[in-house]
Each structure stands twice: as C-alpha cells, then as structure tokens.
Visitor: 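Submitted below is the structure of interest, expressed as structure tokens.
Atoms considered below: every heavy atom in the structure, side chains included; atoms not considered: hydrogens, waters and symmetry mates. Per chain, numbering begins at 1; letters A, B, ... match sequence-line order.
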Amino acid sequence: MHRQSPILRWRKFPERYRLEGNRCNRCGIVYFPKKELCECSCKEFSSFQLSGKGKILTYTEIKSSPEEFSEMTPYCVGIIELAEGPKITGQITDATVDELKVGDDVEQVFRKFLAVGDSGVIHYGVKFKKIE
Amino acid sequence: MEKVGIIGIGATKFGELWKQSLRDLLAESQLKAIEDAKISEKDIDLIFTGNMCSGDFSGQNHLGSMASEILNLNVPSIRVEAACASGSVALRQGMQAIRGGEADIVLVNGVEKMTDVQTRQATTGLMGAGDEEWEGFNGLTFCGLYAMMARAYMHKYRLTREQLALVSVKNHKHATYNPIAHYHNEITVDQVLNSSIIADPLTLLDCSPITDGSASVVLAREDIARKFESPIWILGSGQANDTLSLHARKSLTEIPASTHAAQRALMQAKLGIDKVNVTEVHDCFSIAEVMAIEDLGLIPRGEAGRIMEEGQTYFDGKVPVNSCGGLKACGHPIGATGIKQVWEIVKQLRNEAGKRQIGKANIGLTHNVGGTGSTVVVNVFGRDRENKGY
C-alpha cells in the first residue's frame, strides 16, 4: 500500500534525514515538521536546522505492530521535546522500555527504518538515543 | 434555535459478525430505526452515514449510494468521515440540515465492518486517524498513541496501573446487561494487568476490540417530532478540532477539544454539566475514559483514580459513565460508535435500558473522539424540549 512508496518518503528527505524545520521570519517560532502558515498568521519562513537534542516527554513500547514493522517488533517510540522547542514523534533506539524515563536526555541518530515491497527499497530516517 | 427531535433508533448486535456484510449491517440498523420511528422509508428526505474505513476493510467506498439503495430512495445520501468521530459528525450534519431547512426528516447511520481483514491490517487502516507522515512512519499504532498519553497522565497525577484497569472492569460489568454488547463476560483487575501488553503500559484488556456493527437514528424537525410518542431532543451540540498529530498538542494529559466541544454543547443547551444524569464517553482505551470524565468537567482534574475506586462511575453510582459497556465492552465499530452512544442515551431517557437503567434520567450526554483528540463532538439530549431547571 502507501507505506511501500519510495516517492512518498523521498519528498520529505530534508526533514526525515537531517531534521530540517523552519522558523517564522516575523515571530521566530520554530516548526518541525515545517509549516506554511505561522500561528502569528505570517507566511514568510526560513529553513532552520534543528540540533537533534531533546528530552523524552512520554514513551511506549509497541508489542503489537502494523504489518510493515513486524520484523523489528518490539520497539520503543516516544514524543521528544527538541531543544529548540518543537515536539516530535520518534523511535527511541538502543534501549528497552525499562531503561527509559520521562525527562531522559536524547540525541538523534540516523537509522534504517524498513525495507518494504517487492523492490526492497530501504527507508531511513532519524531516531533518538539516550545520552549516557 | 429550532430543536431537532430523535423519533427512532436502531442498532445491530455488536461483535464478530461473520455472516453479515457491510451492506447487511447497514440495512439492518436502517430498517430497525425506521420501524422504531413508525414512519415509512419514503418519509426520509436526506441520509448521512458515518464510516471510516470501508475502502480499506471491504474495498467499498461510496456508502451514500449504498444507504439510499437499500431503502429504494433517490434522496441525497452522503458519507461522512472523521475517524472514530464519524458517527457523531454525521449526526451533526443531519441536525444542521434540518435547522437549515433542507430536510424535515433525516436518517443518520454509523457503520463499520472490521473483521473481513486481519488484525495487523486493521491496525494499519486505523492509523489513518493519526498523522501518517510522522506518527505512522515511526511505527506507531493507536494503542501506542494512547499508551503515551497514559504514561504522561500516570506520571503527572500518580494514577496507578490498578486504578486504570478499573475502567475496563466496570465497562465489562455494564455490558453484561446490554443485549447488543460484543462481550458479556466480567473481568477482574488482575486479568487486565496480566493480559498481553499491546503498547506499554496498556494491555489487551485496556483496548476496545475490533467489532462489526451498525446503528441508525431518525431525526425530525421540531413541529413534526412533537407529533410522535416520546421524542428525545437534541438540546445542544458542539464540535472542536485540534492538531492531527499528538506530538503537536499543547498537553498530553488531557484532550482540550473535549472541553471546548462540551462547553459549546452545554452553552447551547443552557445547562451545567452537573445537570447531566447519564454520560457515554469515548473509551477507545482505558486512559481515554479517565481523561474524558475530567475534560468534560464531570469530576475534578486528577481525581479519576480515587473516584473510580469509590465505584462512582458505575451505572448506579453518582456519575454513571458508559452504561452500555462503552467502546471497551459493547465494542467499537469505528463509524458506528457515535450513533450507538446516541442509541444508548435515548434508551436511558426513554427508560428502556432494562437492567442497566440508571433510574429516572432527564438529561444525557455523548462524547465521541476522532483520533487522539483531533476531532471531538459532544451532544446533549433531553426528555423535554426546554430546560426545566431540573
């Protein structure tokens, strides 16, 4: 289905591969994912590179997964508050659920997500890892 | 503002209905509602049908035409989609069509046929209620999204895992009194805690099941409804929307759209929440009922654990919630849920709820959530057209 489409992922590479967000030219709010219209009604934005550092606001461990993710199950996913303000959903890797706490500091790592479809195209993206 | 009356209701059995197709379910609830109203199908001016996933689950879209075909009608017939809130949003469209003068009598359906696909495929289809580009891509499921809300809530308000399990225990108890419910078995706190983890900290018995079902209601303009035996009145209706993704939400421990929708509905009804006798809330996962009763203002913020331990949310308690068994135990056929909630409130207000009747009920409320709180509809219903002060 749609999750096998490489095009659907390709067009979001700047955001998915290197956490590129945008910032309102008038009020300075940083958005990730990028927005076209700011809360202040301004439409002028500049690209903004996020540091990929943040902290865990909440998290879960998925044990019953959608079919595309069955090979990597179980896996942890959380909502990360990035240092620059935006909150983002991300997998938390290299840890079991028992090793995570609300408030833990994390940083981005570049990882494989899935290989799907007959062509076996591999999807990559940013995940998060605890800072020791 | 002109009042709209409910003059007929109908619902199929909820469950794994292997012998019934999407069309069979829709036909059954439509015909039951028309029969209950004691009208002819030819009196219907307009049809709305709430449904989320018929394209994914049955390969069938274009449900507007299916609904009118069943009744041999050529009236306008429209499908409405707002994830798990599809049914309630359809009800609002029906109400507004009457208020706007487009129709005198409207049939509103909610339907979902879920068991023709495997659980994993259903899980993927249901993720369409969230943000596919960011939440879906990260492997999140709906249980995962609510599990993250549960963790945040438990962290902030010190709700225990045992207290959270009380939602499912209570709703299974209620369902034993509801003939159409998916489940008729009681469960214990230990069974909830020891069932398999779906998304930590939520277990299988924290989750509403994959259910087939359909429900329908007949709405009528005020002067027409008054000629019927015991119409139930829509006193107020509110909808609020919020971000598609959970991560963009300002709070993870409440659903702000629930509070906004409730305020709008109660203001229209000119009632305070304390006047509501019976409530159906959206308990797609146990934590959702906890947040709902606080977001609606039925109980103070952060008090849900204690209030559930005191048994106050049972049908014979001070704050009766989900007397039909809720989404957890009556079942959650996505598009049908919002209309089934109305079905239950009408049963209660007509004093027809049998063993689960809460006593004399004058005012009822439904709360229906799409996604993680991205769409919320709250409706307030009454036995009488005017607020008598109660």
Visitor: Taking all heavy atoms of B/Thr124 and all of A/Pro66, pick out the closest pair and write down the distance.
Guide: OG1-CB, 3.5 Å
Visitor: Supply the atom-to-atom distance A/Lys63 NZ to B/Ile197 CD1, rounded to the nearest 0.5 angstrom.
Guide: 5.0 Å
Visitor: Is a donor on one side and an acceptor on the other found under 3.5 Å between the side chain of B/His247 and the backbone of A/Ile79?
Guide: no
Visitor: Compare every heavy atom of A/Pro33 with every heavy atom of B/Trp134, then report the nearest pair and how far apart it is.
Guide: NE1-CG, 3.0 Å
Visitor: Got a donor-acceptor contact below 3.5 angstrom from the B/Arg151 side chain to the A/Thr58 backbone?
Guide: no
Visitor: Does any backbone or side-chain atom of B/Lys250 lie under 4.5 Å from a heavy atom of chain A? Answer side chain, backbone, both or neither.
Guide: both
Visitor: With only heavy atoms counted, which part of A/Lys127 is less than 4.5 Å from chain B, the side chain, the backbone, both or neither?
Guide: neither
Visitor: Please classify the contact between B/Leu252 and chain A as side chain, backbone, both or neither, with a heavy-atom cut-off of under 4.5 Å.
Guide: side chain
Visitor: Could you have a look at B/Asp131, B/Leu145, B/Leu140, B/Leu126 and say which one has the most heavy-atom pairs with chain A under 4.5 angstrom?
Guide: B/Leu140
Visitor: Against chain A, work out which of B/Glu133, B/Met149, B/Met127 has the most heavy-atom pairs shorter than 4.5 Å and name it.
Guide: B/Glu133
Visitor: Any chance you could measure B/Asp200, atom CG, to A/Asp98, atom CG, to the nearest 0.5 Å?
Guide: 7.5 Å
Visitor: Taking everything shown except A/Lys34 itself, do over 12 heavy atoms lie less than 6.0 Å from its NZ?
Guide: yes
Visitor: Within a strict 4.5 Å, meaning less than it, do heavy atoms of the B/Leu246 and A/Thr89 side chains meet?
Guide: no
Visitor: Flag yes if more than 12 heavy atoms outside B/Gln118 fall under 6.0 Å of its CD atom; otherwise flag no.
Guide: no
Visitor: Please classify the contact of A/Phe113 with chain B as side chain, backbone, both or neither, using a heavy-atom distance under 4.5 Å.
Guide: side chain
Visitor: Using non-hydrogen atoms and a 4.5 Å limit, figure out which bit of A/Val77 sits close to chain B: side chain, backbone, both or neither.
Guide: both
Visitor: Is any side-chain heavy atom of B/Phe137 less than 4.5 Å from a side-chain heavy atom of A/His123?
Guide: yes
Visitor: Under the 3.5 angstrom rule, does the side chain of A/Thr60 hit a backbone N or O of B/Met148 as a donor-acceptor pair?
Guide: no
Visitor: Tell me, side chain or backbone of A/Thr73 under 4.5 Å from chain B's heavy atoms, or both, or neither?
Guide: neither
Visitor: Looking only at heavy atoms and a cut-off of under 4.5 Å, which of B/Glu135, B/His155, B/Gln121, B/Glu132 has the most pairs with chain A?
Guide: B/Glu132
Visitor: Between A/Lys87 and B/Arg249, is there a donor-acceptor pair closer than 3.5 Å when you use the side chain of the first and the backbone of the second?
Guide: yes
Visitor: With a sphere of 6.0 Å drawn around CZ of A/Arg23, does it hold more than 12 non-hydrogen atoms of other residues, nucleotides or ligands?
Guide: no
Visitor: Looking at B/Thr141, B/Thr119, B/Thr123, which one has more heavy-atom pairs under 4.5 Å with chain A than the rest?
Guide: B/Thr141
Visitor: Heavy-atom pairs under 4.5 Å with chain A - which of B/Gly136, B/Ser245, B/Ala147, B/Pro201 has more of them than the others?
Guide: B/Gly136
Visitor: For A/Gln91 and B/Asn138, indicate whether the former's side chain and the latter's backbone hold a donor-acceptor pair under 3.5 Å.
Guide: yes
Visitor: Which pair of non-hydrogen atoms, one from A/Ser65 and one from B/Arg120, has the smallest distance, and what is that distance?
Guide: O-NH1, 2.7 Å
